[in-house]
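These notes concern the structure reproduced below.
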Protein chains: 2
Amino acid sequence: MSIDRPSTAPTLDEVAHAAGVSRSTASRAINGGDRVSPEAQAAVDAAVARLGYTPNRAARSLVTRRTGSVALVIPEPDGRVLADPFLAGTLRGVGHALDPTDLQLVLLIARPGEHAGRIARYLKGGHVDGAIIASHHQGDELENAILAARLPAVFIGRPAVEAESLVYVDVDNVAAARRATQRLVDAGRTRIATIAGPLDMSVGHDRLEGWRAALAHAGLAVNASADGDFTLTGVRSPCSGCSTTTPTSTRSSRPPTSWRRARCACSSLPGAACPGTCR
Amino acid sequence: MSIDRPSTAPTLDEVAHAAGVSRSTASRAINGGDRVSPEAQAAVDAAVARLGYTPNRAARSLVTRRTGSVALVIPEPDGRVLADPFLAGTLRGVGHALDPTDLQLVLLIARPGEHAGRIARYLKGGHVDGAIIASHHQGDELENAILAARLPAVFIGRPAVEAESLVYVDVDNVAAARRATQRLVDAGRTRIATIAGPLDMSVGHDRLEGWRAALAHAGLAVNASADGDFTLTGVRSPCSGCSTTTPTSTRSSRPPTSWRRARCACSSLPGAACPGTCR
DNA sequence: TTGTACGCGTTATCAA
DNA sequence: TTGATAACGCGTACAA
């Protein structure tokens with residue numbers, strides 16, 4: 001029955017008192033408005049508006065046993081990838097989808113050298129009601145954490161560990177790479193290379209497989225692929241044994257505009273394997 | 001005294017019981033460990049480890065009156081900017097700084113056409129303990145919301161409204177632009193243009209001012225500036241009256257590699273103002 | 001140093 | 001339809 005609480009956020013009690021109803025009725029009116037008379041509803045609505053009432057998330061979470069927040073997990077040890085427009089789009093999309101909800105978007109970014117154990121622990125800690133895994137790598141323990149915690153989760157891109165209860169959205173990367181390669185085959189090309197994505201991600205793996213399949217089907221040599229990491233700089237890094245090359249501008253954080261001039265011997269497609277990162 | 005609670009997160013009560021101490025002692029041992037005997041501390045630590053105890057954020061927040069989360073606000077109506085490496089770096093930095101803490105990073109992204117009123121309301125709602133404003137535009141009401149809520153906040157880049165209690169980190173953009181321009185002056189250039197940042201951001205405003213100052217100081221013409229928005233595509237959009245130009249590839253989400261070939265008449269620096277977006 | 005008891009703001013249960 | 005009342009899990013005076 002504390003009446004005066006200066007400069008503090010209004011509580012449900014105060015709303016109820018201002019509306020002339022009990023706290024229970026006020027609560028019902030605010031959530032859903034089921035089993036509440038029109039006049040009571042109106043009174044509560046008015047009081048809420050006048051007092052600028054906002055439900056206390058902590059108190060609500062305590063009893064509903066839900067946190068009211070979902071995690072967007074980016075288990076990406078390599079910082080550069082965060083600037084990837086794909087991830088940026090994902091971020092926006094998730095944010096917008098959450099807008100109409102009163103769910104919080106909690107961002108979980110992996111630390112540079114870390115193996116996602118911390119994030120797995122966080123997920124298991126019950127701090128969020130659900131999770132979206134945006135850049136999943138093989139071996140980051142996320143699948144097990146999610147399965148163990150029975151946490152509703154969606155992987156963006158097929159997870160490394162496949163399980164019945166692991167849901168994901170993905171495109172058919174194998175077919176896409178196969179079609180892309182086939183297009184070059186149809187154009188009469190005979191020596192077709194690929195710069196693969198990270199092979200510890202299903203994207204990279206699948207696309208490489210599609211490329212392989214198309215070449216094999218066409219009876220062409222499957223011997224010119226290089227590791228990539230979805231970044232310009234990552235692709236340009238020369239393998240040992242090739243002529244060393246550097247971008248013309250190394251001090252800028254954006255990809256140098258003259259990167260086309262840098263060329264690794266492998267990318268000239270001799271067809272032979274080279275000892276460095278190329279295979 | 002509820003003993004059996006199957007497959008639920010362990011509570012402080014259970015930890016205390018397992019450690020053979022009272023809940024108060026367990027609580028003290030977990031937070032700070034002040035005024036607790038070494039043996040009690042050890043017992044609690046062991047129990048925590050064995051049970052995999054994680055404090056319930058909601059319950060803790062309810063009594064400490066802190067939410068345990070800080071917001072990273074990106075009031076950026078233009079989606080493309082999210083892919084900006086600067087913002088990506090900010091994201092990483094904030095994330096890493098928060099790692100050792102048990103603070104949650106809550107991401108607040110503006111909706112496309114929206115004027116940040118929703119975010120301002122959210123901030124005032126007391127949902128976070130603090131905020132970092134990453135891409136602040138003039139007129140987005142964020143300063144007032146923060147001042148009204150007495151919310152600890154840091155602006156990245158000087159806020160449009162300057163107030164005593166509004167703290168920010170920034171570089172001296174005026175001086176930087178002045179020095180950059182001066183360098184060209186020293187090199188003997190006489191017609192020096194700038195592609196400005198958004199003028200409703202202090203960055204854009206300040207850099208333009210630095211450019212102006214240096215030119216004025218050198219007695220050169222201050223008549224060749226164009227609006228930009230820190231994106232490649234934004235810069236390339238032709239002003240009306242200039243020869244229309246399009247990127248060679250428009251279907252890709254990444255900046256076309258041949259953008260250098262697209263050229264607006266304004267960027268050829270005739271020195272004369274043109275009727276479109278250039279000034 | 002330890003434990004008891006209360007309150008944080010909300011939802012859920014159950015009589016009325 | 002409404003209103004007491006009991007949790008929810010935790011921190012913290014206060015007393016021992």
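Every chain is numbered from 1, with letters handed out A, B, ... down the list of sequences.
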Residues, nucleotides or ligands: over 12 heavy atoms within 6.0 Å of A:His205 NE2
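For A:His205, atom NE2 is not crowded (no more than 12 foreign heavy atoms under 6.0 Å).
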
Would you say A:Arg66 has more than 12 foreign heavy atoms packed within less than 6.0 Å of its CZ?
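At most 12 heavy atoms, drawn from other residues, nucleotides or ligands, come within 6.0 Å of this atom.
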
Candidates B:Thr54, B:Leu51, B:Val48 - the one meeting side chain to side chain contact (heavy atoms under 4.5 Å, CB included) with B:Pro10
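Single side chain to side chain contact (heavy atoms under 4.5 Å, CB included) partner of B:Pro10 among B:Thr54, B:Leu51, B:Val48: B:Leu51.
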
Remember a base hit wins even if backbone is also touched, and classify B:Ala40 as base, sugar-phosphate or nothing at under 4.0 Å, heavy atoms.
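Answer is sugar-phosphate: B:Ala40 comes under 4.0 Å of backbone atoms only.
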
Could you give the [atom1]-to-[atom2] distance, from [X] to [N], as a whole number of Å?
X	N	atom1	atom2	value
A:Arg66	D:dC8	CZ	C1'	14 Å
B:Leu62	C:dG7	CG	P	14 Å
A:Asp34	D:dT1	CG	P	8 Å

Base versus backbone protein contacts along nucleotides 10-16 of chain C [heavy-atom cut-off under 4.0 Å; B, S, -]
BBB----

If I compare all heavy atoms of B:Asp102 with all of B:Arg60, which pair ends up nearest, and what's the gap?
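Residues B:Asp102 and B:Arg60, closest heavy atoms: OD2-NH1, 3.6 Å.
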
Would you indicate, yes or no, if D:dT1 has its OP1 or OP2 atom less than 4.0 angstrom from a side-chain nitrogen or oxygen of A:Thr25?
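For D:dT1, neither OP1 nor OP2 has a side-chain N or O of A:Thr25 closer than 4.0 Å.
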
Salt bridge or not between A:Arg28 and A:Asp34? Use side-chain N to carboxylate O under 4.0 Å.
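No salt bridge links A:Arg28 with A:Asp34.
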
Pairing donors with acceptors under 3.5 angstrom, does anything connect the side chains of A:Ser22 and A:Thr25?
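Indeed, the side chains of A:Ser22 and A:Thr25 share at least one donor-acceptor pair under 3.5 Å.
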
